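Note on naming: letters A, B, ... go to the chains in the order of the sequence lines (proteins, then strands), and numbering restarts at 1 for each one. Nothing here was measured: the structure is a model prediction, and the numbers come from that model.
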Amino acid sequence: MSVASSEPLQQSLPLGFVRGEPVIDKPEDLYIPPDALELILESFSGPMDLLLYLIRRQKLDIVDLPILPITKQYMTYVDMMKELKLELAADYLVMAAMLAEIKSRMLLPRPAAIEDEELDPRAELVRRLQEYEAIRQGAQHLDALPQIGRDEFVAHAHTDAQEHVQTVLPEVALAELALAFAQALAHAELQHHHQVHREKLSTRARMSRILDLLQSKQRLAFHELFETAEGRQGVVVSFLAILELVKEALIDVVQIDAYSAIHIAVANRTTGAYAEAST
Amino acid sequence: MQKHQLKQVIEALLFVAEQPLTESQLAEQVESQQITKKQIRDVLDELQRDYQERGVQLRKVASGYRFQTRAELGDIISNLWQEKPTKYSQALLETLALIAYRQPITRGDIEEIRGVSVSSQIMKTLQERGWIKVVGQREVPGRPQLYATTPEFLDYFSLQDLAELPDIPEPPSQVKDAGQSTQITAATATETE
Amino acid sequence: MQKHQLKQVIEALLFVAEQPLTESQLAEQVESQQITKKQIRDVLDELQRDYQERGVQLRKVASGYRFQTRAELGDIISNLWQEKPTKYSQALLETLALIAYRQPITRGDIEEIRGVSVSSQIMKTLQERGWIKVVGQREVPGRPQLYATTPEFLDYFSLQDLAELPDIPEPPSQVKDAGQSTQITAATATETE
């Protein structure tokens with residue numbers, strides 16, 4: 001995760017602990033390498049974090065914030081950061097200015113009449129500190145919650161079920177097909193060339209069947225194309241289909257001698273004279 | 001580590017590992033705990049028994065142990081990945097309609113009527129679906145293939161023969177031939193516009 | 001479908017689904033079998049009991065049910081991967097906490113409380129992880145975007161809803177925002193003000 005690398009690590013790196021409180025003050029009598037101090041100062045996630053740390057360290061009451069000592073200490077840290085030429089976020093200076101302003105307003109004598117809590121110059125800062133403290137707590141809660149990939153892992157089993165997935169083929173309704181045909185003709189504005197009738201369709205279907213039969217056999221005896229079971233109408237349809245196939249030069253009708261059996265065969269390409277213009 | 005916990009660990013590891021795990025790999029994961037291979041094998045045996053009748057089972061495959069779903073559940077489980085049925089494009093429907101109503105017909109004929117080229121994909125789809133087939137070639141230069149519909153096409157639309165295809169509303173300019181339409185009883189509700 | 005088989009199917013589905021599955025989603029998977037939601041819920045309850053003491057457990061999180069490993073096994077299991085799990089920065093956690101506990105909230109609100117400008121990188125990371133999203137705009141000049149957390153955020157922390165987040169003090173209201181509600185519920189996530 002890129003955050004870890006792009007954001008400075010904010011975990012405190014105290015010099016040590018005294019009664020459970022991290023010591024990150026620069027003790028007067030102890031030399032701290034500038035590098036270490038830098039790490040400490042960089043570990044604050046912002047001015048509110050620093051301010052809250054100073055208050056907590058001295059067990060001060062946020063609500064009755066002693067603004068003078070806090071401001072003084074805050075400035076000491078900011079000066080240290082400047083001294084170490086840390087890339088001091090402007091936010092720290094904004095806070096410094098705010099503290100200075102509150103301090104000066106606290107020093108001004110106020111008429112007793114309008115002295116109430118609402119007008120305490122510290123009120124806004126106190127509110128923000130309380131809310132920030134609550135949020136810090138929320139952040140700790142989040143960090144402590146079990147996290148997927150850190151504490152808990154999603155369980156998976158192998159399956160070959162994907163092999164059972166069937167390709168679902170689109171459905172088509174008959175009416176859709178008829179509509180599509182009408183649309184195709186309408187688009188082409190060729191309606192008058194494509195008269196479709198029931199009779200004609202039977203003929204065209206028979207044409208397909210005859211061609212299909214000729215796929216497997218080179219030649220078919222004429223009588224093979226007629227089925228008596230179909231009755232007179234079937235004979236007519238077959239005959240019309242043969243005529244149409246001949247007309248479209250798709251088949252040849254062959255008779256070797258007079259009175260010999262008539263055969264039909266796939267049209268010889270040399271004799272094919274199909275006219276595209278027939279439509 | 002107690003046996004109870006070892007079993008939990010091995011079970012959890014098998015459920016989160018991307019690949020099957022061998023006994024050695026499992027032993028490695030818990031190595032700091034001084035577990036023998038024998039203990040691991042015992043736990044695996046026990047887990048196999050525990051899951052005998054469950055929806056997932058512990059199976060040994062070539063590269064190790066893994067949990068996998070019961071074979072007989074494949075059909076039902078595959079619903080998870082089942083795609084929603086799609087719809088055919090207008091181009092495909094028109095192509096199919098032209099083949100149905102005007103067969104036998106070449107691709108060139110279809111293109112001429114539709115005024116656009118017919119994609120090979122459409123012809124392939126229709127052939128794979130078993131609805132159309134080549135029934136011959138037209139004996140003109142290039143010998144274009146002639147397409148027709150198949151019995152499967154009729155079956156799909158519950159037709160006995162092509163004559164049962166719905167009649168198409170006739171163009172306004174056409175003079176209706178009363179004698180030819182006497183047999184038509186099916187609804188001819190489709191409209192061109 | 002017999003109850004025994006229904007249980008196997010649901011168990012298997014939960015182990016192979018990419019995402020947690022809700023009762024409705026499970027019902028949909030077995031819909032052809034005419035199973036009631038009540039039956040599904042009973043099976044889920046039973047499965048939760050069955051796995052109580054196992055290495056993996058059936059947990060209900062914001063977007064459904066899923067099997068996941070016991071929290072206390074985290075250390076051993078994370079050994080499976082070379083990479084250490086991401087450690088989130090204090091700044092990111094504070095930003096996420098603000099959005100989770102005080103949603104819907106603007107970037108300006110976050111900056112005011114944290115006292116620092118919010119890095120775009122953090123907002124981007126949170127959005128890429130799918131943990132936060134824009135749910136509206138506050139109707140003030142500039143119409144700043146309001147952020148809220150998502151079900152994925154809850155899933156990540158194995159929570160069912162925001163009410164399960166550990167409590168923190170309510171925001172002090174003496175200076176402003178006196179009317180702001182402090183109730184955190186899942187419903188706030190969809191509020192757009």
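Closest approach of A:Ala157 and C:Val16 over heavy atoms only: O-CG1, 3.6 Å. Contact record, C:Pro20 with C:Asp155: CG-OD2, 4.1 Å, taken as the closest heavy-atom pair.
The most heavy-atom pairs under 4.5 Å with chain C, out of A:His158, A:Gln137, A:His156, A:Met98, come from A:His156. Interface remark: of the candidates C:Pro85, C:Ser158, C:Pro169, C:Pro166, C:Pro166 forms the most heavy-atom pairs closer than 4.5 Å to chain A. In terms of heavy-atom pairs under 4.5 Å with chain A, the best-connected choice from C:Ala17, C:Ala71, C:Gly55 is C:Ala71. Among C:Leu159, C:Thr95, C:Leu73, C:Asp167, the residue with the largest count of heavy-atom pairs under 4.5 Å with chain A is C:Asp167. The choice from C:Lys84, C:Arg59, C:Glu72 that makes the most heavy-atom pairs within less than 4.5 Å of chain A is C:Arg59.
Aromatic ring centres of A:Phe153 and C:Trp81: separated by under 6.0 Å.
Of the N and O atoms on the side chains of C:Gln145 and C:Gln137, not one donor lies less than 3.5 Å from an acceptor on the other residue. A:Tyr132 and A:Ser45 are linked by a side-chain donor-acceptor pair at a separation below 3.5 angstrom, with hydrogens and angles left out of the test.
Of the atoms belonging to C:Ala12, not a single heavy atom falls under 4.5 Å from chain A. With a threshold of 4.5 angstrom between heavy atoms, C:Ser117 approaches chain A through its backbone and through its side chain. Within the 4.5 angstrom heavy-atom criterion, only backbone atoms of C:Arg70 (N, CA, C, O) approach chain A.
Between A:Arg127 and A:Glu131, no side-chain nitrogen of the basic residue sits less than 4.0 Å from a carboxylate oxygen of the acidic one, so the salt-bridge criterion is not met.
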